[in-house]
Amino acid sequence: MEKHYDHSKEGEIYKKWEEGGQFAPKGNGKPFTIIMPPPNANDPLHVGHAMFIALEDIFIRFNRMKGCETLWLPGTDHAGIETQFVFEKKLAKDDKSRFDFDRETLFSLIEKYVKENSDVAVSQMKRLGASADWDRFTFTLDPKVVGFVYQTFEKLHKDSLVYREEKLVNYCTKCGTGYSELEIDHIESQSKLYYIQYGPFVLATTRPETKFADTAVCVHPSDKRYQEYIGQEIEVEGLNGKFKLKVIADEYVDPEFGTGVVKITPYHDHNDFDVWTRHKDEIPEPKQVIGLDGKLTEVAGKFTGMRVKAAREAVVNELRERGLLVKEVDHNNSVGVCYRCKTVIEPLPLPQFFVKVAPLVKNVINSLDSGETTIHGTGREKILRNWLTSLKDWNISRQIVWGIRLPVWYNVDKNPNIRVTFVDQNGNRKIGVLSNLLKEHNLNEISAGLQTLIAPKDSEFIVSADSPGDKFIQETDTFDTWFSSGQWPVVTLSIRDGDFEKFYPTSVMETGYDILPFWVMRMMLLGVYLTGKSPFKDVYLHGLVRDSQGRKMSKSIGNVINPVDMAEKYGADALRMALVMGSTAGQDKSVSEQTIKGMRNFSNKIWNATRFVLEFEGETTEINKDLEVELGGWIKDIEDNLEKLKPGQASEIAYQAFWHGYCDKWIEEAKKGSVGTKQMRDTLEKLLTILHPFAPFVTEACWTQLGKKTHLISTSWPKEV
RNA sequence: GGUUGCAUAGCUCAGUUGGCUAGAGCGUUCGAUUCACAUUCGAAAGGUCCCAGGUUCGAGUCCUGGUGCGACCACCA
């Protein structure tokens with residue numbers, strides 16, 4: 001045997017497991033299932049992925065050894081907006097943009113790119129020792145997944161849990177898509193608060209350029225200054241002539257801010273939109289003054305066609321000239337910007353598809369109350385409950401190509417006012433209203449070259465996976481990534497016959513706490529809806545991996561740890577031990593290269609203890625009871641902690657037991673003659689077995705050194721004593 | 001503003017239903033070694049378990065209040 005453990009052989013060991021079919025569910029024990037959180041297929045793995053691989057592999061290997069019929073089902077995620085963003089950056093390098101392609105061409109370009117990245121991610125997970133069942137590998141855009149997601153949408157629609165409605169969407173006029181709230185960055189901005197004369201009032205606004213779309217003026221219901229105006233119409237001198245507006249009262253207005261008078265511009269401000277929905281019967285339909293192109297619409301009169309920023313300056317100038325600007329003061333506020341290009345986000349009205357969540361939420365709260373699902377991780381269950389109780393209807397429409405296209409069809413005869421953008425057969429980009437474009441192009445040509453489509457808000461639609469006829473055109477929006485990944489445990493187990501019945505509900509959902517509301521909560525909502533059962537018994541939430549000083553890892557600080565590099569340098573076992581040892585559910589974990597190096601030493605310790613045992617010839621044949629008892633204690637402690645989902649604690653016990661117990665104490669005892677050859681060897685075998693989930697490679701390597709013909713991975717967990 | 005955590009050795013953190021003479025990894029200091037392993041071994045230093053009350057035979061652990069730090073969400077006309 002070599003003097004030091006050589007971790008460069010880890011790849012060969014993995015290959016033997018894989019070729020030996022060790023990862024497939026076996027036997028007829030109690031099923032134990034983990035559905036892997038699918039990594040985004042747009043980037044190599046980061047250390048957070050290594051964390052979930054380490055933890056899940058521990059649970060999986062432990063339960064496999066315990067005799068469970070164990071399934072770890074892997075996959076990768078198409079990661080909608082994230083991936084399209086990364087890909088568009090690539091396009092930009094070649095001086096291209098998404099607008100150069102029809103949606104199908106763009107889709108297949110991204111698909112090719114993602115396939116390559118997905119393969120890289122898989123090989124990296126293997127490098128870290130993930131004993132997942134790769135035969136069941138699933139990608140979130142596999143045809144069967146898409147088919148299942150379509151069925152879910154149809155079911156929701158049939159159950160009246162899906163509706164289409166015009167609401168405000170956070171829209172980036174540069175990127176040409178709406179975003180969910182999660183994809184908006186907020187930055188501090190030094191702007192001006194303009195006090196403008198508005199009929200009998202002076203009101204304060206930061207957005208004078210949207211005044212052309214004002215539909216009301218609002219005050220607080222108990223504001224004494226303005227009681228006489230509530231319910232009255234006022235006449236305002238505007239930049240495009242005089243107009244009349246109703247004065248309404250709503251608690252939303254803060255009397256202390258500005259003058260206590262607010263103009264209501266429903267189509268360009270979320271709060272105003274809410275006010276409008278509360279006062280629909282008092283005030284007229286909203287007007288849109290900013291278009292999806294970021295320019296002012298014809299509503300703005302002489303300002304039509306100007307970009308927002310220029311329009312604001314022009315409007316302020318004219319207000320000033322005409323003496324309507326009372327004063328302007330500096331005002332710090334935070335504005336939402338596109339997390340990709342940093343363009344200021346415009347709230348704009350767009351018809352979107354929503355899922356009604358209230359009926360689904362109830363069932364999830366029930367499954368938490370009844371203990372059907374337990375959340376592990378300090379305080380996380382409360383956070384989840386808080387999310388559930390404040391959840392609003394879920395917008396599942398995204399104006400991007402890279403995702404699952406909504407199975408929604410519009411009849412072109414009944415909906416002539418659909419606006420489309422498409423690339424015609426000569427490669428020219430055309431924009432317009434469908435009924436006009438159909439005079440020069442046929443529907444097939446438009447559908448084939450389609451980029452985007454916007455159907456008016458009350459358009460009739462049919463939900464269907466396939467085209468309902470030749471007079472139909474398909475919605476171009478795609479589903480929010482989380483809509484499909486929210487069905488993940490159900491989908492992945494519905495692909496093979498028999499899997500669902502056997503493995504659902506799954507045992508443990510292990511993932512980072514940062515995606516508790518976005519992913520775990522959605523899986524529960526849709527899982528319970530689709531199957532009547534919560535998709536998992538336990539949720540184990542790991543924390544963020546931080547550097548040795550507790551800082552987030554980031555490229556700019558330069559403290560990023562690359563998991564594959566570390567595995568190459570110190571071995572996957574060392575990396576895994578460093579991540580898991582002393583970690584707790586729900587808490588962040590600090591790791592440095594130094595820590596990993598320390599754990600490399602542990603691998604070497606195991607190797608050398610094996611070397612010692614192979615060379616050792618003891619004098620006694622008697623069984624040392626103390627060692628026997630101690631070993632029994634170690635086995636039980638580790639087992640208990642793993643069953644209670646405390647891998648951090650379990651690994652620490654394993655480390656202590658092996659190094660300071662077996663090596664420091666008992667090997668020295670053996671040298672003195674109080675433990676015999678056979679007992680030292682038997683004890684080592686059992687220790688290798690219980691260490692295997694934590695450090696699979698080195699223990700397997702030592703197992704082979706001991707002359708074992710079988711694989712350690714498929715060995716049974718030892719009985720205590 | 002709402003929700004929710006954290007505070008224990010120089011650093012990063014464990015600490016199960018209260019039983020602690022409070023631990024680990026990394027770091028520090030001193031010493032050892034042709035012995036399975038210098039990727040080693042032995043020893044040592046280092047703690048008012050944030051503060052103040054309370055419950056208890058007993059509190060790092062439970063309760064109340066305070067201080068400090070963080071996370072998520074919402075709002076900012």
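A note on names: the letters A, B, ... follow the listed sequences, proteins ahead of strands, and every chain is numbered from 1. Given the structure is predicted, the values throughout are model-derived calculations rather than measurements. The figures that follow rest on heavy atoms only: side chains count, while hydrogens, waters and symmetry mates do not.
- Between A/Thr595 and B/C26, a side-chain N or O to OP1/OP2 separation shorter than 4.0 Å is absent.
- Between A/Trp387 and A/Phe518, the angle of the ring planes goes over 60°, which puts this pair in the perpendicular group of the 30/60° scheme.
- Candidate nucleotides B/C35, B/C26, B/U16 were compared by shortest atom distance to the side chain of A/Lys671, and B/C35 ranks first.
- Between A/Cys663 and A/Asp588, the residue anchored nearer the 5' end of RNA chain B, judged by the nucleotide with its closest heavy atom, is A/Asp588.
- At a cut-off of 3.5 angstrom, the base of B/U16 holds at least one donor-acceptor pair with the side chain of A/Lys644.
- For A/Lys3, taking side-chain heavy atoms from C-beta onward, the closest of the listed nucleotides B/C37, B/U40, B/G5 is B/C37.
- With 3.5 Å as the limit, one finds a donor-acceptor pair spanning the side chains of A/Gln352 and A/Asn395.
- With a 3.5 Å ceiling on both atom-pair distances, the Watson-Crick or G-U wobble partner of B/C26 is B/G10.
- Set against B/C37, B/G15, B/A77, the side chain of A/Thr206 has B/A77 as its closest nucleotide.
- A/Trp607 places its CH2 atom 16 Å from the P atom of B/A36, with the value rounded to the nearest Å.
- One P atom belongs to B/U64, the other to B/U55, and the distance between them is 15 Å to the nearest Å.
- Between B/A77, B/A36, B/C72, one nucleotide has an atom nearer to the side chain of A/His331 than all others, and that is B/A77.
- If you find the closest nucleotide of RNA chain B to A/Gly550 and to A/Ala609, the one lying nearer the 5' end belongs to A/Gly550.
- Under the 4.0 Å criterion applied to side-chain N and carboxylate O atoms, A/Arg681 and A/Glu685 are assigned as salt-bridge partners.
- Ring-to-base geometry places A/Phe257 in a stacked arrangement with B/A77 (centre distance under 5.5 Å, plane angle under 30°).
- The closest side-chain donor-acceptor pair between A/Asp573 and A/His7, if any, does not fall under 3.5 angstrom.
- Taking atom NZ on A/Lys605 and atom P on B/U40, their separation rounds to 7 Å, with Å as the unit.
- Nucleotides B/U8 and B/A52 place their P atoms 16 Å apart, quoted to the nearest Å.
- With a cut-off of 3.5 Å on both pairing distances, B/U21 has no Watson-Crick or G-U wobble partner at all.
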